[in-house]
Number of protein chains: 2
Amino acid sequence: MGRPKAAPDAEPRREALVLAAYSRLAEAGFEGLRTRDVAAEVGVNIATLHYYFPTKEALIRGVVGHAMGRFRTAFAPGSRPGEQLAAQFQGIRRLAKNEPELFAVMGELALRSARDPAIAAIFKDTIEAWHSTLRTLVGHAQIEGFVDKRLDPDTVASLVIATLNGLFMVPVASSASDRIDKALGQLESFLGLQKRPRPAR
Amino acid sequence: MGRPKAAPDAEPRREALVLAAYSRLAEAGFEGLRTRDVAAEVGVNIATLHYYFPTKEALIRGVVGHAMGRFRTAFAPGSRPGEQLAAQFQGIRRLAKNEPELFAVMGELALRSARDPAIAAIFKDTIEAWHSTLRTLVGHAQIEGFVDKRLDPDTVASLVIATLNGLFMVPVASSASDRIDKALGQLESFLGLQKRPRPAR
DNA sequence: GCCGGTCAATCAATCACTTGATGGAATATA
DNA sequence: TATATTCCATCAAGTGATTGATTGACCGGC
């Protein structure tokens, strides 16, 4: 069936095309995504693109896979238990700084989910996995006394995901970056992760 | 210049076209927005559409105006001071239930803001007004003892907007509606608002 | 000598937008 | 009042530019 996804550089052309499409999608959105531009960015003929991806949809599926991969690995818990929850917040801060295109792409995909069941399913799985991870981390943080034990981990996870989505996937809504910092800090403060609830004034 | 926006039914064709475009945008997104479909939905020729809106962009500007109008009026504070903040939460719950298309459209516009400075400016103004309203309401709620006085109204407003954006403008991310309820309730709880506000005074 | 990979050229479909004409209401003219 | 003229709203039928996708040929390496 599909492709075994072996070594990262097993099919450089294919990979380059996906990356170019990913970049174009971040820059121009689905509305402005043109197969010609993608091919041009890699420096190959359109026919060559269609040699690797028979249809535009196939190329998009490749982009979806790449984006979800970036997203998942970026949120895989890695630190020591007690710091894992805080690490998630740091992780998304770093990600937003280093890979802003990822959030642009995720935003496009989220919107397209409303009309594309295939993307919706993948998206849902990814969010579900993230939710599950967060819920677990909240639970651990509670056991270790970092977070108020009366809070419901599942509910907190939902709130955290919603807020992070709003902050990073709806860029214009949080205009200035200091607004992002404030909102993020306030959420952490509510959770008890941050000992700095000082209202700046 | 422009048009004075007199009585609501002064220019029924123009209004109908904007509403049709709004509906098409909510359903198909910018990616699938076709002037033909808009004209067809109203039941007029494409030339007639171009008679009222010389370009597709002009039609889109009409849609932007309509959407922002809906959004602003829906969040204009109306209740008595002590309940206004809680009313904002109730208001968005009601809006999400009664006019889900509005959030779809706002999502599209938010994403397009990244590439369309004109939309970005309008969007920013709307959010800014909302932010200002929320900040004021939080301040009032603090004075009346509904909300912890140590919180910074500006920061809280940013957090509330971010969360609501994430919940309602990124639909797939909060799959089940009970997740929305949970996250919303948790946010209200953090603020100290009760889900069933007693009749203040 | 075949075959994976590439390209120039082209296709059919679709897009936003235009053209020239038509009917009817409003307005001017006799 | 009767008739001529202007203007508004609408339409059928295009126009040119793009779009995603195809075709057939070329070419180097195994």
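Chain letters run A, B, ... following the sequence lines, proteins first, then strands; residues in each count from 1.
- In this structure, B:Lys124 places its NZ atom where only 12 or fewer heavy-atom neighbours from other residues, nucleotides or ligands lie under 6.0 Å away.
- Residues from residues 24-32 of chain B lying near DNA chain D, meaning a heavy-atom separation below 4.0 Å, are absent.
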Tell me which donor-acceptor pairs under 3.5 Å the side chains of residues 101-111 of chain B have, and how far apart each pair is, sequence neighbours excluded?
from     : atom 1 : to       : atom 2 : distance (Å)
B:Glu108 : OE1    : B:Phe30  : N      : 3.3
B:Glu108 : OE2    : A:Arg115 : NH2    : 2.5

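- Geometric assessment of A:Arg13 against the ring of A:Tyr52 yields a negative cation-pi assignment under the 6.0 Å and 45° thresholds.
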Protein-nucleotides 10-15 of chain C N/O pairs under 3.5 Å:
from   : atom 1 : to      : atom 2 : distance (Å)
C:dC15 : OP1    : B:Arg34 : NE     : 3.0

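- Legend: residues meeting side chain to side chain donor-acceptor pair (under 3.5 Å) with B:Asp178, ordered by chain and number and at least two apart, are absent.
- Within the structure, no pair that satisfies the salt bridge (Lys or Arg N to Asp or Glu O under 4.0 Å) test touches residues 156-168 of chain B, not counting sequence neighbours.
- With sequence neighbours excluded, no residue satisfies salt bridge (Lys or Arg N to Asp or Glu O under 4.0 Å) with A:Asp125.
- When the salt bridge (Lys or Arg N to Asp or Glu O under 4.0 Å) test is applied to B:Arg112, the partners found at least two apart in sequence or on another chain are A:Glu31, B:Glu57, B:Asp116.
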Review item, side-chain donor-acceptor pairs of residues 156-163 of chain A, under 3.5 Å, at least two apart:
from     : atom 1 : to       : atom 2 : distance (Å)
A:Ser158 : OG     : A:His131 : NE2    : 2.9
A:Ser158 : OG     : A:Asp154 : O      : 3.3
A:Thr163 : OG1    : A:Leu159 : O      : 2.9
A:Thr163 : OG1    : B:Thr163 : OG1    : 2.7

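- The nucleotide range of DNA chain D contacted by chain B, defined by atoms under 4.0 angstrom from heavy atoms of the protein and reported 5' to 3', is D:dC8 to D:dA12.
- Here the P atom of nucleotide C:dC17 and the NE2 atom of B:His50 are 4 Å apart, to the nearest Å.
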Give every pair of a protein N or O atom and an N or O atom of nucleotides 2-6 of chain C that lie under 3.5 Å apart, one pair per line with the distance.
from  : atom 1 : to      : atom 2 : distance (Å)
C:dG5 : OP2    : A:Tyr51 : OH     : 2.6
C:dT6 : OP1    : A:Arg13 : NH1    : 2.6
C:dT6 : OP2    : A:Tyr52 : OH     : 2.8

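- For B:Thr55, a side-chain nitrogen or oxygen approaches OP1 or OP2 of C:dC17 to under 4.0 Å.
- Salt-bridge check for B:Arg34 with B:Glu41: failed, with every basic side-chain N at 4.0 Å or more from each acidic carboxylate O.
- The backbone N or O of B:Asp148 sits less than 3.5 Å from a side-chain atom of B:Gln142, completing a donor-acceptor pair.
- Applying the ring-ring contact (aromatic ring centres under 6.0 Å, His included) test to A:His66 and every residue at least two apart in sequence or in another chain returns A:Tyr22.
- Legend: residues meeting salt bridge (Lys or Arg N to Asp or Glu O under 4.0 Å) with A:Asp37, ordered by chain and number and at least two apart, are A:Arg24.
- A salt bridge links B:Arg93 with B:Glu188: at least one charged nitrogen is closer than 4.0 Å to a carboxylate oxygen.
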